[in-house]
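Below is one structure, written out as C-alpha cells; comments come after it.
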Amino acid sequence: MSEKIFTLKDNTTGVAAELQSHEGTLGPEVIDVRKLYAQTGKFTFDPGFASTASCKSAITFIDGDEGVLLYRGYPVEQLAAKSSFIEVCYLLLYGELPTQVELDKFDNSIRTHTMINETMLRLFNGFHHDAHPMAMVSGVVGSMSAFYHDTMDIQNARHREIFSHRIVAKLPTIAAAAYKHTLGQPFMYPRNDLDYSSNLLNMFFSVPAEDFELDPVAVEAIDLLLILHADHEQNCSTSTVRLAGSSGANPYSAIAAGISALWGPAHGGANEAVLNMLEKIGSVKNINKYVAKAKDKDDAFRLMGFGHRVYKNFDPRATIIRDMCHKVLEKLGRKDDPLFELALELEQVALKDDYFVEKKLYPNVDFYSGIIYRALGIHPSMFTVMFAIARTVGWVSHWQEMITDAEHRIGRPRQLYTGPENRDYLDVAKR
Ligand code: SDX
C-alpha cells in the first residue's frame with residue numbers, strides 16, 4: 001500500500017505537521033490526522049463528517065459519483081438479481097459467499113433462533129395501541145440486553161456469532177409483534193418451515209382464524225428490498241452502532257441505538273416521509289408547487305426521497321426498486337396506482353429542474369420503496385421498521401468488524417468550543 005506524506009503548515013507560525021496518507025483497495029485515500037493535535041495543538045473540524053473516514057472497513061464500498069455499491073466486492077445489482085437475503089446476510093457477516101453446506105447450516109441456525117422470549121412478548125402490553133412501531137421495536141430490541149447480558153462476552157467469538165444470528169433472526173419477529181399490537185390482533189409465532197421473507201410476511205399478515213396464502217410476488221419483492229437495504233458503509237445509523245459499541249456496551253443496546261438513529265426522516269424514516277409527502281402533493285397538478293417549495297431556502301419543505309450525502313448520481317438501489325415497483329404493481333393488478341404515477345412524474349420534473357441537477361439531487365433508496373411496501377399491504381408506520389430489519393445484518397457486521405479490530409478505541413470526538421470564557425458564580429441576589 002503506497003504511503004505519502006502530506007505537510008500541513010500554519011503560515012503564521014511556520015509550525016508544520018507531517019501527516020501520513022493511506023490508500024485502501026478502492027476509493028479516496030485518507031490523510032491520517034491522529035498525530036495532528038500532538039504536532040499542532042489543533043483539531044480538524046468536520047461537522048456531519050462529510051470529509052472524514054471514521055474507520056477502516058472491508059464490508060461495503062460506495063462510489064457516489066459512479067453510483068456503485070458493492071457488498072464485500074459484489075455489485076448490489078448482481079446480488080439483487082441472483083442472491084437471496086439470507087445468503088447476503090452470510091456474505092456480509094462472514095465476508096465470502098457460502099458453499100451450499102455453509103448456507104444450509106446458516107439458514108437453519110437463523111430459522112431456529114426466530115422465537116423471542118415469552119417475557120419479551122409481554123413488554124408489548126406496556127405500549128399504547130397507537131405507539132409508533134419504531135418506538136416499540138427500538139425499545140424491545142434494547143431490552144434484549146436484559147435477557148442476554150450473562151451470555152454476552154464480546155471478546156468471545158462464539159458469543160459474538162450467537163448474538164449475530166439471534167438479532168438477525170429475531171428482528172422480524174419483534175417487528176411483527178409490534179405491528180400486530182397496533183392492529184389489536186394476536187401475535188403470530190414464527191415458523192421454521194418458512195424462509196426468512198416468507199416467515200416475515202406470514203407473521204405480519206396471517207391470523208389464527210384462517211389460512212394465509214403467501215404471494216410469491218410479495219415474497220420476492222420483500223427479499224429484494226431486504227437485500228438492497230442490508231448495508232451502506234458508514235451511514236448515520238451504522239456509525240451510531242459503531243460509536244455505541246466502541247465503549248464495550250452490550251451489542252443489543254448498540255443495535256437499539258442504531259434503530260433510533262435510523263428513525264429520523266433525514267435517514268431511514270424518509271421512506272415513510274416519502275409516502276406522506278406524495279399523499280400531501282396529491283395530484284400531478286400540484287407537483288410544480290411542491291418542487292418550488294423544496295427549492296425555497298425559506299421553506300423547510302424538502303423532497304423526501306431525493307438527495308444523498310454520498311450519491312451524486314443515481315442511487316443504484318433506487319433504479320432497481322423502481323423497476324421492481326413496476327413488476328409488483330403489475331402483478332398485483334395495481335399498475336395504475338396513482339401514487340406510483342405521481343412518483344414517476346415527480347421524478348421526471350425534479351430531474352429536469354436546474355436546482356436538482358446542479359445540486360446533484362437524485363432519487364434515493366427511500367423514494368420508491370414505500371410504494372412497494374404499501375402495495376404489499378404494509379402500513380406506512382412500518383416502512384422504517386422494514387428498513388431496520390434489513391439493516392440489522394449490516395449493523396452487526398460493522399459492530400463485529402470494529403470489536404475484532406485490535407486498533408479500535410472508544411469513539412470520543414472533540415469540538416470547537418464557542419461558549420462563555422471562565423467566569424465566577426454570582427449569587428442570585430446579584431444577578
Ligand atoms: C438514507 O447515508 C446513507 O447511506 C443513508 C442511506 C442508507 O442506506 O443508509 O442511503 C439511507 O438515509 C437515504 C436518504 C434519505 N433521506 C431523504 O430522502 C431526506 C431528504 N434528503 C435530504 O434531507 C438530504 O438530501 C440528505 C439528508 C439525504 C443529505 O443531506 P446532506 O448530505 O447533508 O446534504 P445537504 O442537506 O447539505 O444538501 C445539500 C444541498 C442543500 O442546499 P444548499 O444549502 O447547498 O443551498 O442540497 C439541498 C440542501 O438544501 N437539498 C435538498 C434536498 N436534499 C438536499 N433540497 C430539496 N430537497 C431535498 N431532498
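Just so you know, these numbers use all the heavy atoms, side chains as well, and skip hydrogens, waters and symmetry mates. Counting starts at 1 for both ligands and their atoms, in listed order. Everything quoted here is computed from the prediction, not taken from an experiment.
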Polar proximity ligand 1 side, Lys312 side, N/O cut 3.5 Å exclusive: no

Pairs touching residues 401-412 that satisfy side-chain hydrogen bond (donor to acceptor under 3.5 Å, both in side chains), sequence neighbours left out: Ser57-Glu401, Arg242-Glu401

side-chain hydrogen bond (donor to acceptor under 3.5 Å, both in side chains): pairs with one or both residues in residues 249-273, sequence neighbours excluded: His132-Glu272, Asn235-His267, Ser237-His267, Asn271-Thr384

Side chain, backbone, both or neither: which part of [X] comes within less than 4.0 Å of ligand 1 when only heavy atoms are counted?
X: Leu361; answer: side chain
X: Tyr355; answer: side chain
X: Arg317; answer: side chain
X: Glu233; answer: neither
X: His267; answer: both
X: Lys297; answer: side chain

Protein non-hydrogen atom below 4.0 angstrom of [atom] present:
atom: atom 42 (O) of ligand 1; value: yes
atom: atom 18 (O) of ligand 1; value: yes
atom: atom 26 (C) of ligand 1; value: no
atom: atom 37 (O) of ligand 1; value: no

Electrostatic pair Lys327:Glu330 at N-O distance under 4.0 angstrom: no

salt_bridge(Asp353, Lys295) N-O dist < 4.0 Å: yes

Approximate separation, where rounding is to 0.5 Å, of [X] [atom1] and [Y] [atom2]:
X: Asp104; Y: Thr99; atom1: CG; atom2: OG1; result: 8.0 Å
X: Thr240; Y: Ile259; atom1: OG1; atom2: CD1; result: 11.5 Å
X: Tyr94; Y: Leu91; atom1: OH; atom2: CG; result: 12.0 Å

Geometric cation-pi criterion Lys359 and Tyr355, 6.0 Å radius, 45° cone: yes

Please determine whether any non-hydrogen atom of [X] lies less than 4.0 Å from an atom of ligand 1.
X: Pro265; answer: yes
X: Gly305; answer: yes
X: Val310; answer: no

List ligand 1 atoms under 4.0 Å from [X], heavy atoms only on the residue side.
X: Ala266; value: 12 (O), 14 (C), 15 (C), 16 (N), 27 (C)
X: Met304; value: 18 (O), 19 (C)
X: Arg391; value: 7 (C), 8 (O), 9 (O)
X: Asn235; value: 2 (O), 3 (C), 4 (O), 9 (O)
X: Arg309; value: 29 (C), 31 (P), 32 (O), 33 (O)

Close aromatic pair by centroid cut-off 6.0 Å: Phe301 and Tyr290: yes

Close aromatic pair by centroid cut-off 6.0 Å: Tyr189 and Phe187: yes

Main-chain N/O of Asn364 paired to Arg317 side chain as donor or acceptor, under 3.5 Å: no

N/O donor-acceptor pair under 3.5 Å between Thr238 side chain and Gln234 backbone: no

